[in-house]
Asks: 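Take this structure, written in structure tokens, and hold onto it; I'll ask about it next.
When a ligand or atom number is given, it counts from 1 through the structure's own listing order.
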Amino acid sequence: MPGPVACNPGSGVDQEGNGVTTVDFYRPSSWAEALAIKAELPAAVPIAGGTDVMVELNFDRRRPAALLDLTRVPELAGWSRRDGVVRIGAAVSYARIVAELAELVPGLAKASRTVGSPQIRNRGTVGGNLGSASPAGDAHPPLLAADAVVEVASVRGARRIPVADFFTGVKRSALAPDELVAAVELAVAAGPQEFAKVGTRNAMVIAVCSVALALDPPRRAVGTGIGSAAPTPRRAAEAERFLAGELAARGLWESRAELDPALPARFGELVAAAAAPIDDVRGSAAYRRHALAVLGRRALGWAWQDYRRGA
Ligand SMILES: Cc1cc2nc3c(=O)[nH]c(=O)nc-3n(C[C@H](O)[C@H](O)[C@H](O)COP(=O)(O)OP(=O)(O)OC[C@H]3O[C@@H](n4cnc5c(N)ncnc54)[C@H](O)[C@@H]3O)c2cc1C
């Protein structure tokens, strides 16, 4: 395993005699090297954009013995498109998703546009959002709605995890200690995709709650994802079944006719019913349920208008 590129001298005291915490800093230049370091030092904390990790270090919530910088790993830094599937490397920033992928994966691009500020979008990555596995992570609802797959890897090999199985609890994921997120894969959008988020202000805000919707006309399918509304991001499965069933039964996929307002309203109610929200500093459970119903209804209204226009 290559050694750290930087580390504190390890004496345990600074020039004034105060105790210091030593942090070894590993900077692999290839994926194989990164996985080898993670295998050797499972407690090493990966750092991509650092927009979550540095906050934790600055507030002294975490004192890792080692940081594993992923910004020099070329295999994580790009995206590609093949056979109708977009593969986004874990270290691709939100800014690039907005600039380069808005046509191919519009739901994820719309969510990326709402993240933080330009500075945060320049540094922050989808791999980091998955690594943090926060119920409020904005990339998660559109990944759920699009049925994305998370590719993780270790020296033992690679695994493909459906994103719905990736989140296992509040800020917990299916990643094993020696694994890293390599990429996320999702189909090129076959129809309109929306993302709607409520925050306490318009920018630099963690979601009070959020909803993503993906319409897939060729498959006559509906995908959803809700954020900040349960211990993990989750799909609203009953809302998906209801909407897909109604669109099929009423011949709406074919006719593209105006929706009876009762349909988006019921869809919104079912989106809210899928949530298990809590009261916290950002909002009450009751407000979240109300807002989810409104966001679900609106997201369907916007997506359907796009579909009627031929999107
Ligand atoms: C001011 C501010 C505003 C923010 N606004 C938003 C917002 O609106 N919406 C939102 O969702 N988030 C927001 N965030 C949180 C943060 O920007 C996102 O979670 C972002 O996606 C983190 O990406 P990163 O590359 O910076 O991750 P990092 O901070 O580098 O890492 C985050 C976590 O993922 C792990 N990790 C990173 N890469 C990998 C990998 N390849 N494999 C395994 N684990 C990995 C790290 O060890 C760490 O636990 C905000 C943060 C700040 C500071």
Asks: Could an N or O of ligand 1 be found under 3.5 Å from any N or O of P46, whether backbone or side chain?
Replies: yes

Asks: Is a side-chain donor or acceptor of R282 paired with a backbone partner of A207 at a separation under 3.5 angstrom?
Replies: yes

Asks: Please confirm whether the backbone N or O of I161 pairs with a side-chain atom of D165, one donor and one acceptor, at under 3.5 Å?
Replies: no

Asks: Please indicate whether any nitrogen or oxygen in L76 is less than 3.5 Å from any nitrogen or oxygen in ligand 1.
Replies: no

Asks: Which one of L67, V45, V152, D52 has a non-hydrogen atom at the shortest distance from atom 29 (O) of ligand 1?
Replies: D52

Asks: Between the main-chain N or O of V184 and the side-chain N or O of R87, is there a donor-acceptor pair closer than 3.5 Å?
Replies: no

Asks: Please list the nearest protein heavy atom to atom 12 (N) of ligand 1 with its residue and the distance rounded to 0.1 Å.
Replies: N129 ND2, 4.0 Å

Asks: Answer with side chain, backbone, both or neither: which part of A48 has a heavy atom less than 4.0 angstrom from an atom of ligand 1?
Replies: both

Asks: Would you please test S93 and N122 for side-chain hydrogen bond (donor to acceptor under 3.5 Å, both in side chains) and show each step?
Replies: CA-CA 6 Å; S93 69; N122 280 335; 5.5 Å; no

Asks: Using a 4.0 Å heavy-atom cut-off, which part of V126 comes near ligand 1: side chain, backbone, both, or neither?
Replies: neither

Asks: Tell me, which protein residue and heavy-atom name are nearest atom 16 (C) of ligand 1, and how many Å apart are they?
Replies: T51 OG1, 3.2 Å

Asks: Just jot down the ligand 1 atoms closer than 4.0 angstrom to any heavy atom of I47, in number order.
Replies: 30 (O)

Asks: For ligand 1, which atoms have a heavy atom of T125 less than 4.0 angstrom away?
Replies: 20 (C), 21 (O), 23 (O), 24 (P), 25 (O)

Asks: Ignoring hydrogens and angles, tell me if any N or O in the side chain of N129 forms a donor-acceptor pair with the backbone of A139 under 3.5 Å.
Replies: yes

Asks: Should R121 be listed as contacting ligand 1, given a heavy-atom distance under 4.0 Å as the test?
Replies: no

Asks: Any donor-acceptor pair under 3.5 Å linking the side chain of E240 with the backbone of T224?
Replies: yes

Asks: What protein heavy atom sits nearest atom 33 (C) of ligand 1, and how far off is it?
Replies: S132 OG, 3.2 Å

Asks: Provide the number and element of each atom of ligand 1 under 4.0 Å from a heavy atom of T114.
Replies: 8 (O)

Asks: Within the structure, does E179 bring an N/O atom to less than 3.5 angstrom of an N/O atom in ligand 1?
Replies: no

Asks: Report yes or no: is the cationic atom of R256 (NZ for Lys, CZ for Arg) under 6.0 Å from the centre of the six-membered ring of Y307, at an angle within 45° of the ring normal?
Replies: yes

Asks: If the cut-off is 4.0 Å to any non-hydrogen atom of L175, which atoms of ligand 1 fall inside it?
Replies: 43 (C)

Asks: If you count the atoms of ligand 1 from 1 in the order shown, which ones are under 4.0 Å from a heavy atom of V55?
Replies: 53 (C)

Asks: Verify, without hydrogens or angle tests, whether K110 (side chain) and Q193 (backbone) share a donor-acceptor contact under 3.5 angstrom.
Replies: yes

Asks: Under 3.5 Å between some N or O of ligand 1 and some N or O of G137?
Replies: no

Asks: I need the contact type for V53 against ligand 1. Using non-hydrogen atoms and a strict under-4.0 Å cut-off, is it side chain, backbone, both or neither?
Replies: both

Asks: Quick test: of every protein heavy atom, which one is nearest to atom 39 (C) of ligand 1, and how far off is it to 0.1 Å?
Replies: L70 CD1, 3.9 Å

Asks: Donor-acceptor pair, T114 side chain versus A111 backbone, under 3.5 Å?
Replies: yes

Asks: Within a distance under 4.0 Å of any heavy atom of Y94, pick out the atoms of ligand 1 and give their elements.
Replies: 20 (C), 21 (O)

Asks: Indicate yes or no: does an N/O atom of G128 lie under 3.5 Å from an N/O atom of ligand 1?
Replies: yes

Asks: Do L295 and W302 land in one hydrophobic cluster if side-chain heavy atoms of ILVMFWY residues count as linked below 4.5 Å?
Replies: no

Asks: Please could you name the atoms of ligand 1 that A90 approaches to less than 4.0 Å, counting only its heavy atoms?
Replies: 41 (N)

Asks: Going from CG on L180 to CD1 on I37, what distance comes out if it is rounded to the nearest 0.5 angstrom?
Replies: 9.5 Å

Asks: Can any side-chain N or O of E75 pair as donor or acceptor with the backbone N or O of W31 at less than 3.5 Å?
Replies: yes

Asks: Which residue owns the protein heavy atom closest to atom 50 (C) of ligand 1, what's the atom, and how far is it?
Replies: I120 CG2, 4.1 Å

Asks: Between L130 and ligand 1, which part of the residue brings a heavy atom under 4.0 Å of the ligand: side chain, backbone, both or neither?
Replies: neither

Asks: I'd like to know if the side chain of R297 and the backbone of V294 have a donor-acceptor N/O pair within less than 3.5 Å.
Replies: no

Asks: Do L108 and L101 make a side-chain contact, defined as non-hydrogen atoms from C-beta onward lying under 4.5 Å apart?
Replies: no

Asks: With a heavy-atom distance limit of 4.0 Å, tell me whether R62 approaches ligand 1 through its side chain, its backbone, both, or neither.
Replies: side chain

Asks: Is the backbone N or O of A285 less than 3.5 Å from a side-chain atom of D279, with the two atoms forming a donor-acceptor pair by type?
Replies: yes

Asks: Using a strict 4.0 Å cut-off to heavy atoms of K197, name the atoms of ligand 1 that fall inside it.
Replies: 8 (O)

Asks: Please say whether G50 places an N or O atom under 3.5 Å from an N or O atom belonging to ligand 1.
Replies: yes

